[in-house]
Amino acid sequence: MRSHRLFIPLVALTFALLLTATAQAKSGSFKVSVSGTQNYSWSLDGTRGSCEIQRGTGSGTNKFSFKSPKSTPFFVSTSSGITGSLTATARGNRTGSYSVTTATPCPGFEPGPPFIDDATGCGAYKYNLRMDFKQKGAFQYVTGPSQTYPPGACPSPIESSILLSTDLAQCGDVLGALHKRSWGVSGAAGLLASKISPSVKTLLKTKKGKSKSITGKAAVECKPASTFSSPVTIRADLKYTLTFKRTS
């Protein structure tokens, strides 16, 4: 009888340990950091008007690199994927120019004055970014609204009201479906959204104190309609590396 009494607690203890081990294998804590680059460019050359013909020309770039000032605690599990938000400091340079001139004046009238957009905010800058991780199906979606913005104005399709519509679905800006976005929340100043498929199981196999790196990327190339005869050409690409260091 004593052996049976001893056997039952041992079985219960073994079962409890198995449950604990299984639970531990399905989740873990990490400290995460990020570094990467993003390049953005746009250009326009077109005309508009029926009597006076105006010509609009413009172009711009926004190139920056970003890096976490410090690692951030994240929780990883097989049920919810990667949970957390990363902050990063971006440093880069913006260029931009946009002007409207009279190509052909209306007969009998003086040509309208030229327009040159404000570009006092172009140049070197530093600002903060935030990367938010959200799970949707088998993929992790990463969006990056800006926390602060470079000061001053620098011509861009959105800020200079060049676009015929703010609907940028063809560029990947799917409103109402954040997990499908590939366009920056803040346009040229913001971080592009990206979709990655990290192996949570592989991350959870990482031993405490060890690190695992995951690479993400996104690309945009589109030609949305402008208020001129030609569309705006927009190109952008994002590349970054996430480093996960297991803490528990």
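Here the side chains of P224 and I234 are in contact, with some heavy-atom distance below 4.5 Å. Inter-residue side-chain proximity for F30 and I82 is flagged as unmet; no heavy-atom pair is nearer than 4.5 Å. In this structure, Y40 and L192 have side chains that are not in contact, with every pair of non-hydrogen atoms separated by 4.5 Å or more. Put simply, the side chain of L86 reaches to within 4.5 Å of the side chain of V32, judged on heavy atoms. Contact check for T89 versus N128: side-chain heavy atoms found under the 4.5 Å cut-off. Counting only heavy atoms from C-beta outward, the side chains of F228 and L44 approach each other to under 4.5 Å.
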Given T166 and I158, is the side chain to side chain contact (heavy atoms under 4.5 Å, CB included) satisfied, shown in steps? CA-CA 7 Å; T166 56; I158 296 175; 5.9 Å; no
Give the intermediate values and the outcome of side chain to side chain contact (heavy atoms under 4.5 Å, CB included) for residues S35 and S68. CA-CA 6 Å; S35 61; S68 300; over 6 Å; no
Residue pair K245, S211: steps toward the side chain to side chain contact (heavy atoms under 4.5 Å, CB included) verdict: CA-CA 4 Å; K245 185 175 182 180; S211 299; 3.6 Å; yes
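A distance of 8.5 Å separates OG in S156 from CG in L163, rounded to the nearest 0.5 Å. Considering CG of L238 and OG1 of T37, their distance stands at 7.0 Å, rounded to 0.5 Å. Atoms OG and OH, on S59 and Y98 in that order, are 12.5 Å from each other to the nearest 0.5 Å. Annotation: the span from K31 atom NZ to K70 atom NZ amounts to 8.5 Å, rounded to 0.5 Å. For the atom pair NZ (K217) and OG (S194), the distance works out to 11.0 Å, reported to the nearest 0.5 Å. Distance CD1/I162 to CH2/W42: 4.0 Å, rounded to 0.5 Å.
The side chain to side chain donor-acceptor pair (under 3.5 Å) analysis of residues 102-123, with sequence neighbours excluded, yields the pairs D117-S160, D118-T120. Residues in residues 43-68 take part in these salt bridge (charged side-chain N to carboxylate O under 4.0 Å, His left out) pairs, two or more places apart or across chains: D45-R55. Listed by first and then second residue, the disulfide (SG to SG under 2.5 Å) pairs involving residues 62-133 are C51-C106, C122-C154 (not counting sequence neighbours). Within the structure, side chain to side chain donor-acceptor pair (under 3.5 Å) contacts touching residues 230-239 (residues at least two apart or in different chains) are E221-R235.
Qualifying ring-ring contact (aromatic ring centres under 6.0 Å, His included) partners for F133, counting only residues two or more places apart in sequence or in other chains: F74. The side-chain contact (heavy atoms from CB on, under 4.5 Å) search around T215 returns T241, not counting sequence neighbours.
For R246 against T206, the heavy-atom pair with the smallest separation is NH1-O, 3.1 Å. The two atoms that bring N93 and Y125 nearest to each other are N-CE2, 3.5 Å, heavy atoms only. Nearest heavy atoms, G28 versus L204: N-CD2, 3.6 Å.
Put simply, F75 and M131 are part of two different groups of oily side chains (I, L, V, M, F, W, Y) that touch within less than 4.5 Å, one to the next. No path of Ile, Leu, Val, Met, Phe, Trp and Tyr side chains, each step under 4.5 Å between heavy atoms, connects I116 with V232, placing them in separate hydrophobic clusters.
Between F66 and Y240, the angle of the ring planes lies from 30° to 60°, which puts this pair in the tilted group.
Of the possible polar contacts, one joining the S229 side chain to the T47 backbone as a donor-acceptor pair under 3.5 Å is found. Put simply, the side chain of S29 never gets that close to the backbone of T247: no donor and acceptor are under 3.5 Å apart.
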